[in-house]
Each structure stands twice: as structure tokens, then as C-alpha cells.
Engineer: 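A single structure is presented below for examination.
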Amino acid sequence: MEAVLKNLASTVELLAVAAQSGVVEQWDKQTLSRAFHWARYCEHLFSRFHNNPAIRTTMEKQLQLTNQSLRAVFPGYTEVSFSDISRCQHLLLVGLLKNPELPISIMKILFDTTKQSEYQDVTGFCSHIIQCKSACKVLSPLTDLSAIGADAEVQGVMLMERLSALLSQGTAACHTEHIVNSVLQGCEGAAGQFCLVITAALLTTKNSAAQTASLDFLLDWLQKEHNVLQHMCSALPTPLIKDLAKEHLKFRHAYYDVLKKWASDMDYSINEGEWAQTITNRTVSFQRLTEHFLTLFEVCPSLREDVEKELNALKVSDGDFDVRGLSVWGDLLSALNK
């Protein structure tokens with residue numbers, strides 16, 4: 001029993017270090033894996049002994065002693081109760097995400113779903129976050145959860161936690177942008193998954209000032225990252241694009257800018273008798289472009305009149321011809337008003 005109590009105390013100390021110590025700046029994947037191993041060990045202790053009054057009392061006394069010593073070391077330390085160790089992996093993960101000293105290399109590991117098999121001790125966190133009350137029902141009630149997926153939903157929560165921690169610490173915007181960009185680079189080959197993560201983050205409910213600041217930061221970042229934004233607009237299912245446009249005015253405007261960019265990059269193919277992308281996004285057909293515009297109008301009907309006025313002005317600048325194939329703007333107007 002002495003060894004069990006020692007391991008329990010050491011793991012609780014580990015949670016405090018993960019959340020509040022600059023030591024995590026030196027962590028690598030082996031350290032991270034060991035940390036999750038011990039967190040899972042504590043969850044096993046809870047599962048095994050929570051119905052044993054004698055052993056539970058002994059463990060609670062050890063927790064009291066450990067909490068007392070940690071309060072003297074870490075200002076603002078949050079005590080760990082016996083029931084808390086049932087979700088020790090979740091506490092470890094959230095503590096790491098809230099620690100501004102967490103290195104980018106560890107962030108990449110936490111977000112890289114393509115290498116989960118290499119970090120088996122780390123990846124158990126997904127189910128724990130989903131089960132945890134603080135991470136459940138965080139998305140807009142309008143959101144189609146099946147279209148996002150459990151992994152992306154979890155990682156969206158993680159991203160918001162990390163951004164909130166950095167922004168609340170006064171971290172410079174350029175440094176925070178560097179961190180988000182680095183995570184994206186770490187998910188090379190999984191751009192679609194990262195777009196779902198961004199979507200999940202943007203659709204989290206606004207329940208705090210810190211989260212509102214994180215949402216604003218993420219929307220501003222997205223407007224700067226044109227490739228990511230265009231990939232989101234072309235790859236996301238229409239219901240998710242609708243949700244994003246409904247929730248965020250900034251996204252709605254950025255979405256409209258992307259649609260205009262796609263249209264301006266189209267050339268008319270005489271052989272095919274249709275407008276087609278030639279530069280930015282060959283996957284978006286003229287028909288799909290039209291559908292995107294109609295989606296935008298469905299989300300915000302009041303926008304339709306202003307958009308059509310702008311498209312008409314662009315048509316006039318092309319010569320104001322009503323012959324198909326001479327102006328993408330004129331043909332787009334015709335398609336929208338069928």
C-alpha cells in the first residue's frame with residue numbers, strides 16, 4: 001500500500017507540474033507518454049478502490065497531504081480530490097493545454113491523429129474528454145456532430161483551451177499565430193481533419209470572455225490563412241458551412257470573398273460549354289459555385305440584394321453582355337435567378 005500511496009502522490013504532483021510549471025518546456029514525447037501512463041494508472045486505482053471504504057479513506061488522507069504541500073509551491077493550486085482521479089488523463093491534458101510553456105512539439109503530438117499508434121499512452125485522452133461533463137455539449141445545438149466527428153470535436157475543445165490560455169497570459173498575437181500554424185504543419189497530409197478541428201472550435205458555445213477572445217482570434221487568423229479558408233469552404237459539408245456562416249459574421253464575409261475569388265479565377269471552356277477553375281481550386285465547378293452562393297443567401301437572405309448589386313456591377317465592368325460565356329458574373333447572376 002505504501003508504494004500505491006507514493007505513486008498516487010507523485011501523479012498528483014505531476015498534474016500540478018503539467019499545469020503550472022515551466023518544466024514542461026523540456027518535455028518530449030517519452031515524457032508525455034509516461035505522464036499519460038501514470039494518469040491512467042490513477043484512474044485504475046479509482047476504479048479498483050472507490051468501493052473500498054478503508055483503502056479509499058487512506059488514499060484521501062494521502063491526497064490531503066499532497067494537496068497541502070502543493071498549495072505551498074504553486075499559487076492558485078486547485079486541489080485534486082479522490083473523485084478527480086477518475087478522470088486523471090483529462091486533468092493532465094487540460095493542465096498541459098492551459099500551461100503557456102507547453103512546447104509546440106507536444107502540441108503537434110496531441111493534435112496529430114495520423115500518428116496515434118505511436119503514442120498509445122497519449123491517445124486515450126479522447127474518450128475521457130468526450131465523457132467529461134466540461135467537454136460535452138460544447139458545440140452549437142444546430143451543429144451536425146456526425147459531420148464533424150468525435151476526434152475533431154475533442155481537438156476543437158483542445159484548441160480553444162490552448163488559445164484561451166495563451167491569450168489570457170497576454171501572449172503576442174504573432175506568437176499565438178505561429179503556434180496554430182505549427183500545429184497545422186504538424187498535421188501534414190491531414191488538412192481535411194484540421195479543417196474539421198477549426199470548424200469544431202468555431203462552433204463551440206460562447207460561455208466566457210476568454211472563449212470569445214479565442215473565437216475572435218481564430219476568425220482573424222483564418223482570414224489571413226487563405227489556403228486553409230478556401231479548403232474549408234470547398235471541403236466542408238454544406239450544413240457545417242451554414243452553421244459557421246450563421247454563427248460568425250466574419251466567417252460569412254470571408255466566405256463571400258472566397259466565392260468571388262473562385263469566380264474571378266474561372267475561364268469559359270468553349271469545348272465544354274462551361275466555366276471552370278483554372279488556378280486556385282479545380283474541384284469547384286460552376287454549378288457548385290452557384291450552390292455556394294445560394295447557401296450564403298439561405299443563411300442571410302438580406303445579403304442577397306447587396307451581392308446581386310455587386311455581381312451586376314462586375315458584369316457591367318466586363319461589358320454588360322447578356323451572351324453566355326462572356327462574363328462569369330453575368331452567367332452567375334442568371335444561374336442564381338433561375
Engineer: Got a sec, which residues hit salt bridge (Lys or Arg N to Asp or Glu O under 4.0 Å) with Glu101, two or more places apart in sequence or on another chain?
Structural biologist: none
Engineer: Checking Arg48 now: which residues fulfil salt bridge (Lys or Arg N to Asp or Glu O under 4.0 Å) with it, not counting sequence neighbours?
Structural biologist: none
Engineer: Would you list the pairs meeting side chain to side chain donor-acceptor pair (under 3.5 Å) in which at least one residue belongs to residues 65-74, sequence neighbours left out?
Structural biologist: Gln62-Thr66, Asn67-Tyr77, Arg71-Glu79
Engineer: Can you tell whether the side chains of Arg40 and Glu43 come within less than 4.0 Å, N to carboxylate O?
Structural biologist: no
Engineer: State which residues pass side chain to side chain contact (heavy atoms under 4.5 Å, CB included) with Leu244; sequence neighbours excluded, sorted by chain then number.
Structural biologist: Thr199, Leu202, Leu203, Met232, Leu236, Phe251
Engineer: At what distance, to the nearest 0.5 angstrom, does OG1 of Thr290 lie from CZ of Arg288?
Structural biologist: 10.5 Å
Engineer: Quick one, Val180 and Arg162 - any side-chain contact, counting heavy atoms below 4.5 Å?
Structural biologist: no
Engineer: Working to the nearest 0.5 Å, report the span between CG of Leu219 and CZ of Phe217.
Structural biologist: 10.5 Å
Engineer: Indicate the atoms forming the closest heavy-atom contact of Val24 with Val17, along with that distance.
Structural biologist: CG1-O, 3.7 Å
Engineer: Please name the pair of heavy atoms, one in Pro75 and one in Gln20, separated by the smallest distance, quoted to 0.1 Å.
Structural biologist: O-NE2, 2.9 Å
Engineer: Is there any salt bridge (charged side-chain N to carboxylate O under 4.0 Å, His left out) pair reaching into residues 211-222, and which pairs are they, with sequence neighbours excluded?
Structural biologist: Asp220-Lys250
Engineer: Nearest 0.5 angstrom please: Cys42 SG to His37 NE2, how far?
Structural biologist: 10.0 Å
Engineer: If you look at every heavy atom in Ala39 and Leu92, which pair is closest and at what distance?
Structural biologist: CB-CD2, 4.1 Å
Engineer: Does the side chain of Leu15 reach to within under 4.5 Å of the side chain of Cys88, using non-hydrogen atoms?
Structural biologist: yes
Engineer: Taking a hydrophobic cluster as the set of Ile, Leu, Val, Met, Phe, Trp and Tyr residues connected by side-chain heavy atoms closer than 4.5 Å, whether directly or through intermediates, do Val23 and Leu96 fall within one such cluster?
Structural biologist: yes
Engineer: For residues Ile55 and Met59, determine if any side-chain heavy atom of one lies less than 4.5 Å from a side-chain heavy atom of the other.
Structural biologist: yes
Engineer: Would you say Leu32 and Leu110 make side-chain contact, with heavy atoms under 4.5 Å?
Structural biologist: yes
Engineer: First locate atom CG of Leu311, then atom CG of Leu333, and finally report the distance between them rounded to the nearest 0.5 Å.
Structural biologist: 5.0 Å
Engineer: After noting the C-alpha distance and the side-chain angles of Asp257 and Lys261, does the key distance pass the salt bridge (charged side-chain N to carboxylate O under 4.0 Å, His left out) rule?
Structural biologist: CA-CA 6 Å; Asp257 288 340; Lys261 173 64 175 173; over 6 Å; no
Engineer: Taking ring-ring contact (aromatic ring centres under 6.0 Å, His included) as the test, write out the residues that go with Tyr41, two or more places apart.
Structural biologist: Trp38
Engineer: Run through Phe286, Trp262, Tyr256, Phe297 and flag the one making a ring pair (Phe, Tyr, Trp, His ring centres under 6.0 Å) with His292.
Structural biologist: Trp262
Engineer: Using the rule that two of Ile, Leu, Val, Met, Phe, Trp, Tyr join whenever any of their side-chain heavy atoms come within less than 4.5 Å, decide whether Leu45 and Leu65 are in one cluster.
Structural biologist: no
Engineer: Checking Lys224 against Glu177 for the side chain to side chain contact (heavy atoms under 4.5 Å, CB included) test, could you report, in this order, the C-alpha distance in whole Å, the side-chain angles of both residues, the deciding distance, and whether it holds?
Structural biologist: CA-CA 10 Å; Lys224 296 177 182 178; Glu177 288 177 2; 2.8 Å; yes
Engineer: Has Glu60 got more than 12 heavy atoms of other residues, nucleotides or ligands less than 6.0 Å from its CD?
Structural biologist: yes
Engineer: Output all residues satisfying ring-ring contact (aromatic ring centres under 6.0 Å, His included) with His50, sequence neighbours left out; order by chain, then residue number.
Structural biologist: Phe46
Engineer: Stepwise, does the side chain to side chain contact (heavy atoms under 4.5 Å, CB included) test hold for Leu93 with Gln89?
Structural biologist: CA-CA 6 Å; Leu93 176 65; Gln89 290 183 89; over 6 Å; no
Engineer: Quick one, Leu289 and Met266 - any side-chain contact, counting heavy atoms below 4.5 Å?
Structural biologist: yes
Engineer: Is there side-chain contact between Leu215 and Glu247, with at least one heavy-atom pair below 4.5 Å?
Structural biologist: no
Engineer: Is it the case that one hydrophobic cluster holds both Leu249 and Tyr255, taking links as side-chain heavy atoms less than 4.5 Å apart, direct or via other members?
Structural biologist: no
Engineer: Within the 4.5 Å heavy-atom criterion, are Thr176 and Trp221 side-chain neighbours or not?
Structural biologist: no
Engineer: Output every pair passing salt bridge (charged side-chain N to carboxylate O under 4.0 Å, His left out) with a member in residues 6-22, not counting sequence neighbours, ordered by first then second residue.
Structural biologist: none
Engineer: Got a donor-acceptor contact below 3.5 angstrom from the Asn99 side chain to the Ala18 backbone?
Structural biologist: yes
Engineer: For the SG atom of Cys195 and the CG atom of Leu240, what is their distance to the nearest 0.5 Å?
Structural biologist: 11.0 Å
Engineer: Thr57: which residues meet the side chain to side chain contact (heavy atoms under 4.5 Å, CB included) condition with it, sequence neighbours left out?
Structural biologist: Lys61
Engineer: Hey, could you give me the CD/CD1 distance between Glu225 and Ile198, rounded to the nearest 0.5 Å?
Structural biologist: 9.5 Å
Engineer: For the residue pair Arg252 and Leu296, what are the closest heavy atoms and their distance?
Structural biologist: CG-CD1, 3.7 Å
Engineer: Any chance the side chains of Ser10 and Asn7 put a donor and an acceptor closer than 3.5 Å?
Structural biologist: no
Engineer: If you compare all heavy atoms of Arg56 against all heavy atoms of Phe49, which two are closest, and at what distance to 0.1 Å?
Structural biologist: CB-O, 4.0 Å
Engineer: Partners of Glu305 by salt bridge (Lys or Arg N to Asp or Glu O under 4.0 Å), sequence neighbours excluded?
Structural biologist: Lys309
Engineer: Tell me whether Leu326 is reachable from Leu336 by hopping between hydrophobic residues (I, L, V, M, F, W, Y) whose side-chain heavy atoms are closer than 4.5 Å.
Structural biologist: no
Engineer: Any side-chain donor-acceptor pair under 3.5 Å between Thr238 and Thr295?
Structural biologist: no
Engineer: Excluding sequence neighbours, so at least two apart, what forms salt bridge (Lys or Arg N to Asp or Glu O under 4.0 Å) with Lys338?
Structural biologist: none
Engineer: Could you check whether any side-chain heavy atom of Arg34 comes within less than 4.5 Å of a side-chain heavy atom of Thr31, counting everything from C-beta outward?
Structural biologist: yes
Engineer: In the single-linkage hydrophobic clustering (I, L, V, M, F, W, Y; side-chain heavy atoms under 4.5 Å), do Val73 and Val12 co-cluster?
Structural biologist: yes
Engineer: What side chain to side chain donor-acceptor pair (under 3.5 Å) pairs are there with at least one residue in residues 322-334, not counting sequence neighbours?
Structural biologist: Glu274-Arg324, Trp275-Asp331, Lys315-Asp322, Asp318-Ser327
Engineer: Could you pull out the closest heavy-atom pair between Leu167 and Ala213, with the gap in Å?
Structural biologist: CD1-O, 3.8 Å
